[in-house]
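Everything on this sheet refers to the single structure shown next.
These numbers were taken from a predicted model, which means no experiment stands behind them. Numbers here simply count residues along the sequence, with the first being 1.
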Amino acid sequence: VVKPRPRSVAQRPELPDIARVVAVHSGKGGVGKSTVAVNLACALAAAGYRVGLLDADVYGPSAPTLLGLSGRAETTADGLRIRPLVAHGVRVMSLGFLLPEGQALIWRGSLVDQGLPQLFTDVDWGGLDVLLVDLPPGTSDVHLAAARQVVLAGVVTVTAPGQLSVDDVRRGMEMFADLAVPCLGVVENLAALTCRRCGAVGKVFGSDGGAGLAAEVGVPLLARLPFLPALAASGDAGVPVVVGEPDSLPARIFTGLARSLAGRI
Ligand code: ADP
Ligand code: MG
């Protein structure tokens with residue numbers, strides 16, 4: 001059972017032009033963390049919030065693909081800061097905008113320590129109500145650097161329902177509890193889907209693991225998102241469902257997620 005174990009942490013700087021920083025995390029890769037982060041950002045922007053998205057997955061930046069952004073980031077006129085790109089009202093920064101096209105980067109510990117803080121502080125966000133940070137999977141230097149660099153209002157934890165994902169995700173939650181960063185709630189992705197008409201249950205992995213984890217840790221289950229091929233297609237096409245198909249089931253789920261998150265930060 002993950003219990004918050006607040007520990008004194010060094011005073012972390014507030015970023016002056018950002019009201020709240022919220023991380024999106026999972027202990028496991030491939031559970032839809034970036035899909036959730038991108039659609040949540042677009043849903044918050046559609047609701048009128050000034051939103052930034054920092055793609056901090058230094059090992060596999062995916063915001064450029066999911067948002068259909070292929071440009072390079074430019075510096076501000078004074079040359080001191082980096083200008084975010086904008087998609088669907090969301091200001092976006094990703095390592096993908098800083099590297100030469102098609103080039104992968106392997107960050108060593110020291111680079112993570114120096115480079116990631118720069119992604120937070122050297123970007124000209126221009127005043128945000130919320131900055132969402134799409135973290136890499138697992139528990140690594142990047143997570144520690146993120147938690148040390150800024151005051152995180154909290155973490156949204158994404159899990160698939162199966163036991164393997166839940167166990168990895170629980171470890172991630174323990175790490176943030178250790179860093180005195182609150183978990184704002186759980187999003188269960190790839191959840192079982194029950195047909196309203198015939199009652200049939202379609203599931204990809206296990207069932208109800210996210211709900212069980214949320215109950216066990218004592219945090220809300222913020223959303224349950226079934227496996228929906230249209231969601232994968234929209235990601236590949238670079239148009240988030242919240243923007244491309246705002247009346248679809250996943251879009252309505254993300255809009256609800258944005259509303260409940262906004263009420264908690
Ligand atoms: P992560 O950031 O955790 O590695 P991604 O958001 O990149 O995961 O998602 C991994 C893949 O799964 C992507 O191709 C994405 O489009 C797809 N995907 C995520 N969630 C769903 C879902 N609910 N239904 C269908 N496909 C999904
Ligand atoms: Mg990702």
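- Between the His25 side chain and the Val169 main chain, no donor and acceptor come within less than 3.5 Å of each other.
- Taking the side chain as every heavy atom from C-beta outward, Thr157 and Val219 never approach each other to under 4.5 Å.
- No donor-acceptor pair under 3.5 Å is formed between the side chain of Lys33 and the backbone N or O of Asp134.
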- Please walk me through it: do Arg91 and Arg50 pass side-chain contact (heavy atoms from CB on, under 4.5 Å)? CA-CA 8 Å; Arg91 294 168 222 172; Arg50 297 172 304 161; 4.0 Å; yes
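- Checked by atom type and distance alone, the side chain of Asn39 pairs as donor or acceptor with a backbone atom of Val241 at under 3.5 Å.
- With contacts defined as side-chain heavy-atom distances shorter than 4.5 Å, the pair Thr121/Gln149 qualifies.
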- Message: Pair Leu128, Tyr49 - check side-chain contact (heavy atoms from CB on, under 4.5 Å), show working.
- Response: CA-CA 8 Å; Leu128 296 178; Tyr49 294 95; over 6 Å; no
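- Closest approach of Leu231 to Pro250, counting heavy atoms only: CD1-CB, 4.1 Å.
- Taken to the nearest 0.5 Å, the CG atom of Leu53 stands 8.5 Å off from the SG atom of Cys42.
- Annotation: the span from Leu85 atom CG to Met93 atom CE amounts to 6.5 Å, rounded to 0.5 Å.
- At a threshold of 4.5 Å between non-hydrogen side-chain atoms, the residues Lys28 and Thr159 do not count as touching.
- The side-chain heavy atoms of Ser94 and Asp57, taken from C-beta on, include no pair separated by under 4.5 Å.
- Shortest non-hydrogen contact noted between Pro226 and Ile253 is CD-CD1, 3.9 Å.
- Val239 and Val90 end up in different hydrophobic clusters when Ile, Leu, Val, Met, Phe, Trp and Tyr side chains are linked at under 4.5 Å.
- At distances below 3.5 Å, not a single donor-acceptor pair connects side-chain atoms of Arg264 with backbone N or O atoms of Gly154.
- Taken from CG in Leu213 to CE in Met173, the straight-line distance is 4.5 Å, to the nearest 0.5 Å.
- How far CG of Leu131 is from CG of Leu152: 9.5 Å, rounded to the nearest 0.5 Å.
- Follow the hydrophobic side-chain contacts under 4.5 Å out from Leu257 and you never reach Val243; the two are in separate clusters.
- When all heavy atoms are compared, the tightest approach of Val51 to Ala45 is CG2-N, 3.6 Å.
- The CG atom of Leu69 lies 4.5 Å from the CZ atom of Phe97; values are rounded to the nearest 0.5 Å.
- Contact annotation: the side chain of Val166 never approaches that of Pro161 to less than 4.5 Å [non-hydrogen atoms, C-beta and beyond].
- The shortest heavy-atom contact between Ser140 and His143 is N-ND1, 2.8 Å.
- The shortest side-chain heavy-atom distance between Val187 and Leu40 does not fall under the 4.5 Å cut-off.
- No side-chain heavy atom of Val31 sits less than 4.5 Å from a side-chain heavy atom of Asn189.
- Scanning all heavy atoms of the two residues, the minimum distance from Arg252 to Asp247 falls at NE-O, 3.1 Å.
- The distance from the CH2 atom of Trp125 to the CD1 atom of Ile82 is 9.5 Å, given to the nearest 0.5 Å.
- Taking 4.5 Å as the limit, every side-chain heavy atom of Asp55 sits out of range of all side-chain heavy atoms of Val92.
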- Task: Please report the C-alpha distance between His88 and Val242 in whole Å, then the side-chain angles of each, then the deciding distance to 0.1 Å, and finally whether the side-chain contact (heavy atoms from CB on, under 4.5 Å) criterion is met.
- Result: CA-CA 10 Å; His88 316 298; Val242 165; over 6 Å; no
- Task: Would you check, one step at a time, whether the test side-chain contact (heavy atoms from CB on, under 4.5 Å) holds for Leu54 with Val123?
- Result: CA-CA 10 Å; Leu54 175 56; Val123 176; 5.6 Å; no
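- Residue Val158 comes nearest to Gly32 through the heavy atom pair CG1-C, 4.3 Å, listed as atom of the first residue, atom of the second, then distance.
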